[in-house]
Amino acid sequence: MSKPIQTAIKPTREEDYPEWYQQVIKASDLAEKSVVRGCMVIKPWGYALWENIMRGMDAMFKATGVKNAYFPLFIPLSFLEKEAAHVEGFAKECAVVTHHRLEKGPSGGLVPAGALAEPLVVRPTSETIIGESFARWISSYRDLPVLINQWANVMRWEMRTRLFLRTAEFLWQEGHTAHETAQEAQEETLRMLGVYASFAEDFLAVPVIQGRKTESEKFPGADTTYAIEAMMQDRKALQAGTSHNLGQNFARAFDVKFLGRDNQLQHCWTTSWGVSTRLIGALIMAHSDDEGLVLPPRVAPTLAAIVPIFKTDEEKERVLAYCRELAGALCGAERLAAAEKRDAGRELLTVFTDEAACQKVVLDMREGRAVEKHYHWEQRGVPFRLEVGPRDVDKSAFVLKTRFDGSKTFHEKGCASPGWLREQADQVQARMLERARTFREENTVVVESYDEMKAALAQGGFVRCWFREDPEVEARIKEETKATVRVIPFEQPGGTGKCVVTSRETSEQAIFALAY
RNA sequence: CGGGGCGUAGCGCAGCCUGGUAGCGCGCCUGCUUUGGGAGCAGGAUGUCGGAGGUUCAAAUCCUCUCGCCCCGACCA
């Protein structure tokens with residue numbers, strides 16, 4: 001009598017991880033591939049998630065004194081040429097605008113006309129155009145620091161793309177700051193890396209390792225790049241955010257100078273830091289399962305879905321009335337009243353639990369079988385489902401299904417309250433982080449030799465070892481194992497050891513892994 | 001940018017070799033039965049066969065050109 005095991009997502013993670021990833025995105029309705037090569041359409045559910053990420057992170061930026069601004073999409077070609085390493089890094093993936101008009105061509109179609117005197121590059125990142133502004137804004141140490149962030153789209157003409165992880169156009173934020181001293185710039189670089197780490201862990205429930213990138217992995221034009229690195233369920237690494245100490249490189253290229261306290265004209269010290277919609281990819285791959293998306297409560301656009309179950313009209317009336325009461329208990333009577341007014345006649349009743357965080361409880365009154373609705377919300381990763389049938393109404397109870405662990409618990413209706421819901425959410429949030437952290441720890445090994453390292457990398461996961469930084473050695477390791485140094489963690493055991501590849505003395509351990 | 005593949009209904013595909021009424025599955029629509037974990041029956045709608053040219057009485061099918069996409073390699077938040 002046992003039913004064949006059927007998962008919502010086919011193939012499963014086990015069977016074909018990359019394909020599973022695509023299918024989760026499709027099933028959860030987050031995004032789809034656009035007709036435009038390499039670009040994606042972020043659908044309302046996916047965008048709501050991004051909005052929650054923006055909201056949470058933006059507040060954290062502002063708490064450190066950063067202000068938002070906006071710079072042009074187009075960058076004069078000559079700007080990009082000013083910093084040698086920067087050009088080198090981005091030249092191969094730039095979209096270039098050369099014309100400003102369309103005319104009817106000989107065959108009836110439209111052809112570009114009106115060639116620009118200087119081509120414009122669609123920003124792959126904005127250090128250059130912001131550098132130009134900073135040069136005009138800053139003249140004295142009294143103008144410093146300048147702490148700017150912009151939420152924007154950028155374009156990098158990628159060869160191979162994957163939704164959220166690597167698309168030609170993507171959404172991100174880029175922070176750009178200018179400082180009086182090297183030390184302040186360094187502090188800022190690390191402060192923002194810390195913000196990213198907190199956000200990843202507190203909001204996304206994705207544990208990350210903070211550390212420094214090697215020379216060969218750093219941002220084109222930076223002195224030093226720092227990153228937060230996360231482990232996905234296939235045990236590959238994903239760089240989830242970066243923060244760069246740009247030294248005086250861009251200040252020199254764009255002549256960003258200030259008159260110092262010593263009355264000497266000198267170049268600023270600048271930083272830049274960013275996270276992108278890739279965070280959504282991290283979220284998906286860190287938590288989701290073979291039934292679909294799993295969202296951490298803190299960023300889930302809908303916190304809970306109430307699914308009524310009934311057969312007869314009489315039952316329907318009783319159950320729906322009961323569900324409304326439940327929604328009112330969870331969200332508050334005023335909010336329920338506001339929702340009833342706004343959504344009158346609609347099949348979904350959306351009640352806010354927290355307008356500021358844009359979180360909602362949904363009562364799903366659509367026609368159709370209850371099971372279909374369960375799957376609907378399950379695939380979309382909604383953290384909680386409250387299932388209510390006639391039997392629950394009779395007992396004045398409800399069934400709570402928790403998305404992340406699939407658990408099913410019974411509750412008295414009387415316990416439903418805003419505080420109770422928040423409590424449930426906080427618990428799940430904490431347990432999701434804990435589960436992800438445990439997974440990462442279980443898949444991290446410390447190795448003592450290159451042979452051990454190769455064996456460990458073949459198994460997957462993070463490999464930690466003494467490593468003396470050397471681009472040639474890194475290239476060789478990549479050649480032989482496909483793995484790269486993900487990060488040189490801030491957390492070090494102390495003391496020294498012998499590099500696993502070269503046996504040279506070193507004070508640093510590195511983390512190697514296959515990466516996205 | 002090198003090597004391979006694919007364009008036929010919203011999605012996934014068959015048909016092409018050997019030219020002759022445009023097909024299947026899923027989804028969608030309508031109705032009834034269902035409804036506490038992936039429903040059943042009945043009926044229905046949907047196509048410039050990627051585009052252009054050619055061969056032919058006749059082209060999804062053969063020929064030429066073209067466009068787009070996907071996969072595999074070097075680079076990447």
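Everything numeric in this text was worked out from a predicted model, so none of it was measured. We name chains A, B, ... by the order of the sequence lines, and we start the count at 1 in each one.
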- Message: Looking only at the side chain of A:Phe170 (C-beta and beyond, no hydrogens), which of the listed nucleotides B:rA77, B:rG38, B:rG36 gets closest?
- Response: B:rA77

- With both distances under 3.5 angstrom, what nucleotide forms a Watson-Crick or G-U wobble pair with B:rC62? B:rG54

- Message: Using a 4.0 Å heavy-atom cut-off, does A:Val154 contact any base of the nucleic acid, only the sugar-phosphate backbone, or nothing at all?
- Response: nothing

- Message: For a quick check of understanding: with a heavy-atom distance under 4.0 Å over all strands, which category does A:Glu372 fall into, base, sugar-phosphate or nothing?
- Response: sugar-phosphate

- Mate of B:rC13 across any strand shown (Watson-Crick or G-U wobble, both atom pairs under 3.5 Å) is B:rG23

- Closest listed nucleotide, where the reference is the side chain of A:Met159 and the choices are B:rA74, B:rC75, B:rC70: B:rA74

- Can you tell me the Watson-Crick or wobble partner of B:rA74, both distances under 3.5 angstrom? none

- Message: Both A:Gly241 and A:Lys311 contact RNA chain B. Taking the nearest nucleotide for each, which residue is further toward the 5' end?
- Response: A:Lys311

- Message: Taking B:rU21 as the reference, what is the distance to B:rC17 when you measure between their P atoms (whole Å, please)?
- Response: 13 Å

- Message: Nearest whole Å is fine: how far is B:rU35 P from A:Leu320 CG?
- Response: 17 Å

- Item | Shortest side-chain distance from A:Val399, nucleotide among B:rG36, B:rG38, B:rA77 | B:rG36

- Message: Over all strands shown, is A:Thr167 touching base, sugar-phosphate only, or nothing at heavy-atom distances under 4.0 angstrom?
- Response: base

- How about A:Tyr226 and A:Phe490: are their ring centroids closer than 6.0 Å? yes

- Roughly how far apart, to the nearest Å, are B:rC41 and B:rU48 at atom P? 31 Å

- When the P atoms of B:rG12 and B:rU56 are considered, how many whole Å apart are they? 37 Å

- Message: Whether the side chain of A:Arg385 and the base of B:rG37 hold a donor-acceptor pair under 3.5 Å is what I'd like checked.
- Response: yes

- Item | Base partner of B:rG68, which must satisfy Watson-Crick or wobble distances under 3.5 Å | B:rC6

- Message: Over all strands shown, is A:Arg391 touching base, sugar-phosphate only, or nothing at heavy-atom distances under 4.0 angstrom?
- Response: base

- Is the gap between the ring centers of A:Trp273 and A:Phe61 under 6.0 Å? yes

- Task: Please report, rounded to the nearest Å, how far the P atom of B:rC11 is from the CD atom of A:Glu32.
- Result: 10 Å

- Message: Closest approach to the side chain of A:Arg369, judged atom by atom: which nucleotide of B:rU35, B:rA74, B:rA77 is it?
- Response: B:rU35

- Task: Answer with base, sugar-phosphate or nothing: what part of the nucleic acid does A:Gly389 contact at a heavy-atom distance below 4.0 Å?
- Result: base

- What residues form a side-chain hydrogen bond (donor to acceptor under 3.5 Å, both in side chains) with A:Lys478, not counting sequence neighbours? none

- Quick one: label A:Glu174 by what it contacts on the DNA or RNA (base, sugar-phosphate, nothing), any heavy atom closer than 4.0 Å. nothing

- Can you tell me how far P in B:rC11 sits from the matching atom in B:rC70, rounded to whole Å? 15 Å

- Between A:Arg156 and B:rC75, does any side-chain N or O lie under 4.0 Å from OP1 or OP2? no

- Euclidean distance, atom CG of residue A:Asp394 to atom P of B:rG36 [Å, nearest integer]: 17 Å

- Query: Whole Å only: how far is the NZ atom of A:Lys26 from the P atom of B:rG12?
  - Reply: 7 Å

- Find the distance A:Glu19:CD to B:rG12:P and express it as a whole number of Å. 11 Å

- Task: Check whether any side-chain heavy atom of A:Ser288 sits under 4.5 Å from a side-chain heavy atom of A:Leu293, and report yes or no.
- Result: yes

- Starting at NZ of A:Lys236 and ending at P of B:rA77, how long is that distance when rounded to a whole Å? 15 Å

- Task: Using a 4.0 Å heavy-atom cut-off across all strands, classify A:Glu217 as base, sugar-phosphate, or nothing.
- Result: nothing

- Query: Would A:Tyr375 count as stacked on B:rG38 if the rule is ring centres under 5.5 Å and plane angle under 30°?
  - Reply: yes

- Note on the structure: Here the distance between atom C1' of B:rU35 and atom CG of A:Asp313, to the nearest Å, is 13 Å

- Task: Take atom P in B:rU8 and the same atom in B:rG4, then report the distance between them in whole Å.
- Result: 22 Å

- Check the surroundings of atom CG in A:Asp313: do more than 12 heavy atoms from other residues, nucleotides or ligands lie under 6.0 Å from it? no

- Could you please name the partner base of B:rU48, counting Watson-Crick and G-U wobble pairs only when both distances are under 3.5 Å? none

- Mind checking A:Ala227 for me? I need base, sugar-phosphate or nothing, with any heavy atom below 4.0 Å counting as a touch. nothing

- Task: Measure from the side chain of A:Ile309, starting at C-beta and using heavy atoms only, and say which of B:rU35, B:rA77, B:rG37 lies closest.
- Result: B:rU35

- To the nearest Å, how far apart are A:Gln173 CD and B:rA77 P? 15 Å

- What integer number of Å spans the P atoms of B:rU46 and B:rG23? 13 Å

- Qualifying residue for side chain to side chain donor-acceptor pair (under 3.5 Å) with A:Asn245, from A:Glu187, A:Gln186, A:Lys218: A:Gln186

- Message: So that I know where these two stand, are A:Phe467 and A:Phe512 an aromatic pair - ring centroids less than 6.0 Å apart?
- Response: yes

- Message: Using ring centroids (six-membered ring only for Trp), state whether A:Phe74 and A:Phe79 fall under 6.0 Å.
- Response: no

- Would a 4.5 Å heavy-atom cut-off, applied to side chains only, mark A:Asn443 and A:Met231 as touching? yes

- Candidates B:rG37, B:rC72, B:rG36 - which lies nearest the side chain of A:Pro390: B:rG36

- Checking N1-N3 plus N6-O4 or O6-N4 for Watson-Crick, or N1-O2 and O6-N3 for wobble, each under 3.5 Å, the partner of B:rG31 is B:rC41

- If each of A:Leu165 and A:Gly38 is mapped to the nucleotide of RNA chain B with the nearest heavy atom, which maps nearer the 5' terminus, i.e. the 5' end? A:Gly38

- Message: Can you check the distance between B:rG53 and B:rA60, where both ends of the measurement are the P atom (answer in whole Å)?
- Response: 14 Å

- Item | Closest to side chain of A:Glu378, choosing from B:rG36, B:rG37, B:rA77 | B:rG37

- Query: Nearest to the side chain of A:Lys478 - B:rC70, B:rC75, B:rA39?
  - Reply: B:rC75

- Query: Given the C1' atoms of B:rU30 and B:rA45, what is the spacing between them in whole Å?
  - Reply: 10 Å

- Give one of base, sugar-phosphate or nothing for A:Gln239, where a contact means two heavy atoms less than 4.0 Å apart. sugar-phosphate

